[in-house]
**Q** 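Just dropping this structure here.
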There are 2 protein chains.
Amino acid sequence: MGQLVVGSREDHPCVSASEHGREVELPALWLRQHSPEETQRDGMTGQRLFDPHLLPTDLHLVRADLADGRLSVTFSDGHESVYESAMLLANLELSEGLPQPISWRADSGQPNVHRWTDLHDPAAELAAIGDFLTYGAIVFSDVPCVAGTILDVAARFGFVRDTNFGPVFDVRSIPNSTDLAYRAVPLSPHTDNPYRTPVPGIQMLHCLINETTGGLSTLVDGLAAVEQLRAEDPDAVELLATVPVRFRYRDATTDIVTVRTVVDRDHQGTVTGLNYSPRLDELPLMSDADTRRYQAARQRLAHLLASSEFQVRFLLEAGQLMMFDNNRVLHGRTSFDPNEGLRHLQGCYIDQDGPRTRYRVLSR
Amino acid sequence: MGQLVVGSREDHPCVSASEHGREVELPALWLRQHSPEETQRDGMTGQRLFDPHLLPTDLHLVRADLADGRLSVTFSDGHESVYESAMLLANLELSEGLPQPISWRADSGQPNVHRWTDLHDPAAELAAIGDFLTYGAIVFSDVPCVAGTILDVAARFGFVRDTNFGPVFDVRSIPNSTDLAYRAVPLSPHTDNPYRTPVPGIQMLHCLINETTGGLSTLVDGLAAVEQLRAEDPDAVELLATVPVRFRYRDATTDIVTVRTVVDRDHQGTVTGLNYSPRLDELPLMSDADTRRYQAARQRLAHLLASSEFQVRFLLEAGQLMMFDNNRVLHGRTSFDPNEGLRHLQGCYIDQDGPRTRYRVLSR
């Protein structure tokens, strides 16, 4: 964790954090934003009571003392502040306070199963959410097989994201039905609604009835597939992360279009997930050579997503509910014979925020 | 709009779009994805019935004929397709089919006012949404002063985005109240909830009662402010678009954190908006020099946002509702004297998708 060190810099005192012999200066403006004094920060919410952009750009320290694990400083604007050293050291990284994602392949046997009926226990809830944030997918067992129960599960973790498909959507087979809506065709791995702005963050699918022996649920960790693609061909990942494609959904009352890349990266260039629905994507007009390069990249990605090395297959049973990060984990299902019996799932979306917030509150 | 031209390339026919003497080749894979044949594309939804990533990377044309505004081609995979030339030419750009944003300053007198009671007329609704998409903000007049009516307005344009503040939140003064929740302090320009993932896309604020003479609503176009900052100091914009800051909201049951940049850019580097709430932002640990540079950049941005050159001020009257892009347009209010009377606004959020979808459907 390191320790604080007081030194000097251009005739002013200066504070550094030192770890393994390496020192990192804590700029005066950075220290000032962290002032915990009650005139500067609301005790309950931790919200600052001043606008830090109003501080002078040349702010510096005029005094700094370390004693008993506390740092006392006076700033050139006259403000005096006392910090717990541990608090400052804990803030050296701009963390979101969440577990690091761990990518997985089919042989790791994801997703982990948690009993829904155990979630009244905060430790059990924290463990379940921790698994979700780490692996991007979990399954709850013992969820009552009653239509609409998915809304109770959603309410524990966040707020339902309503769409033109309704707050809850039904996925079902009806034996001997000829209606196309109840087709038993396989669905290759995809993320839902890449055409929306924003894309639905988390999807839940609750199995109410499954009397078929097929219709296995499939999940693929998009992070693992992109890691593999990068190992084989870094330029392919670069293309997928920079060339925008158009996704579109339309029907009689709806026409949703978004232009975005297949691979999502954050401000640091770290891959965070995928937008992937190969019936809805439309390439931009590029040169013939660039188009072929892009085609090769997405062809290889599709191959990885469909391969048994990356794709987990399991029977989601009645009373089970799977919850997965729709920006990271692709889902699908194998074909089934609807004449074997009924298959009825209910689905809904919630935002990414919900489980993250619960995780932090439960970790307090 | 240009025209199609058939030529040849490496012994294969090739099709180009020609305009003002400039020719752009239409790659075989690009043409193939646009095949309108009924075996390839569902007539109702326009969704493709095949996975284009399965096409061979070396796909090429074996025949191409132009006649009567139609292009007939045969591909090396045997597929034959007939296109309307106009359809192909209209697809040369990967457009989202929306009006281009036009940035504005205070002297342009935004936002435009539309009568809510006129919106049963599709042309009036299209005009209102067009203004919203172009300028990022509109005001509706003649909205009934009944609590909860905001949900009717929201339902026309999209789906309410529920948060820990509820589906609808109340902003009000109560004369002679001492409760801090009803404070009459000014609010400097900000975007709401930059700590959420995703940030609420669109905000609505409906004025039910305003008996005060102060409490003016303020709006600033973030695009215009960033344009000005870029003209003065391009490096400042670069810093604000690349250095992540942490935004956080917490109370007894909530703890929401997101690390993101203040300036948002899309995949092409075009500025799309801001995340700006100067009481909630926390700088990362950088070198002293970088921290001072960042401080200067955000100080100048804050100055622009607060200046009368960029900030529109107007009295939102009872029966008026303002709708603005929370990723682009910053809002605030001037101080007021709660002893003058009641001031009661209701607010809610919807996603960016809603008005975009309505615009496309109404434009059909």
Side-chain angles (χ1 to χ4, degrees), chain A residues 24-27 29-30 33 44-48 51-53 55 57 92 94 96-97 159-160 162-163 188 196-198 201 242 244 246 248 250-251 253-261 267 278-280 282-288 291-292 295-296 298-299 302 351-353 356-357 360-361, chain B residues 24-27 29-30 33 44-48 51-53 55 57-58 92 94 96-97 159-160 162-163 188 196-198 201 242 244 246 248 250-251 253-261 267 278-280 282-288 291-292 295-296 298-299 302 351-353 357 360-361:
Chain A
V24 184
E25 183 181 344
L26 307 183
L29 286 162
W30 187 89
Q33 78 176 358
M44 217 276 281
T45 63
Q47 291 183 14
R48 269 197 314 260
D51 290 333
H53 62 263
L55 295 171
T57 305
L92 295 185
L94 212 59
E96 290 191 344
F159 299 94
V160 168
D162 200 359
T163 73
S188 62
R196 279 190 212 283
T197 305
T242 54
R246 182 166 68 178
R248 182 172 194 172
R250 60 185 143 152
D251 59 26
T253 57
T254 309
D255 195 344
I256 319 179
V257 182
T258 298
V259 175
R260 55 163 52 101
T261 56
H267 53 80
R279 295 295 172 92
L280 305 175
E282 200 172 308
L283 296 193
L285 182 60
M286 299 181 284
S287 74
D288 189 67
T291 306
R292 291 181 200 284
Q295 178 74 359
R298 72 173 180 175
Q299 208 167 68
D351 282 324
Q352 296 280 9
D353 261 343
R356 298 184 192 194
T357 297
R360 290 187 202 98
V361 170
Chain B
V24 184
E25 184 180 341
L26 307 183
L29 286 162
W30 186 90
Q33 78 176 357
M44 216 274 283
T45 65
Q47 290 183 15
R48 269 196 315 257
D51 290 332
H53 62 264
L55 296 171
T57 305
D58 64 355
L92 296 185
L94 213 57
E96 290 191 344
F159 299 95
V160 169
D162 201 358
T163 73
S188 63
R196 280 190 211 282
T197 304
T242 55
R246 182 165 69 178
R248 182 172 193 173
R250 60 185 144 152
D251 61 24
T253 57
T254 309
D255 195 346
I256 319 179
V257 182
T258 297
V259 175
R260 56 163 52 100
T261 56
H267 52 82
R279 295 296 171 91
L280 305 174
E282 200 172 307
L283 296 193
L285 182 60
M286 300 182 283
S287 73
D288 189 66
T291 306
R292 292 182 199 284
Q295 179 74 0
R298 72 173 179 174
Q299 209 167 65
D351 282 323
Q352 296 280 11
D353 261 343
T357 297
R360 289 187 203 98
V361 170

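Numbered from 1 within each chain, the chains take letters A, B, ... in sequence-line order.
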**Q** Using a 3.5 Å distance criterion without hydrogens, assess whether the side chain of Arg360(B) forms a donor-acceptor pair with backbone atoms of Asp255(A).
**A**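 It does hold such a pair.
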**Q** Return the minimal non-hydrogen interatomic distance between Leu55(B) and Gln295(A), and the atom names on each side.
**A**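 Between these two residues, the closest heavy atoms are O-NE2, 3.0 Å.
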**Q** Of the listed residues (Met286(B), Gln47(B), Glu282(B)), which shares the most heavy-atom pairs with chain A below a 4.5 Å separation?
**A**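 Top count of heavy-atom pairs under 4.5 Å with chain A: Glu282(B).
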**Q** Using only atom types and a distance under 3.5 Å, with no angle test, would you say the side chain of Gln299(A) pairs donor to acceptor with the backbone of His53(B)?
**A** yes
**Q** Answer yes or no: is there a side-chain heavy-atom contact under 4.5 Å between Leu285(B) and Pro27(A)?
**A**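 The answer is yes; the side chains approach within 4.5 Å.
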**Q** When only pairs under 4.5 Å are counted, which of Val160(A), Asp162(A), Thr242(A) shares the most heavy-atom pairs with chain B?
**A**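 Counting heavy-atom pairs under 4.5 Å, the top option is Asp162(A).
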**Q** Measure distances from Thr291(B) to the heavy atoms of chain A and classify the residue's part below 4.5 Å as side chain, backbone, both or neither.
**A**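 Both backbone and side chain of Thr291(B) come within 4.5 Å of chain A.
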**Q** Please examine the side chains of Arg279(B) and Pro52(A), heavy atoms only from C-beta on, and report whether any two atoms are closer than 4.5 Å.
**A** no
**Q** Indicate the atoms forming the closest heavy-atom contact of Asp51(A) with Ser188(B), along with that distance.
**A** OD2-OG, 4.4 Å
**Q** Are Leu280(B) and Arg48(A) close enough that some pair of their side-chain heavy atoms sits under 4.5 Å apart?
**A**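 No, every pair of side-chain atoms sits at 4.5 Å or beyond.
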**Q** Please confirm whether the backbone N or O of Pro198(B) pairs with a side-chain atom of Gln352(A), one donor and one acceptor, at under 3.5 Å?
**A** no
**Q** With only heavy atoms counted, which part of Gln33(A) is less than 4.5 Å from chain B, the side chain, the backbone, both or neither?
**A** side chain
**Q** State, yes or no, whether a side-chain contact exists between Val259(A) and His267(B) at a heavy-atom distance under 4.5 Å.
**A** yes
**Q** Looking at every heavy atom in both Arg292(B) and Thr57(A), which two are closest together, and how far apart are they?
**A**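 In terms of heavy atoms, the two residues are closest at NH1-O, 2.8 Å.
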**Q** Would you check if Arg356(A) and Val257(B) make a side-chain contact, meaning some heavy-atom pair closer than 4.5 Å?
**A**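 With C-beta onward as the side chain, the pair stays apart.
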**Q** Closest approach of Val361(B) and Thr253(A), non-hydrogen atoms and distance?
**A** CG2-O, 3.6 Å
**Q** Shorter than 4.5 Å, heavy atoms on both sides: which option in Val24(A), Asp251(A), Thr254(A) has the most such pairs with chain B?
**A** Thr254(A)
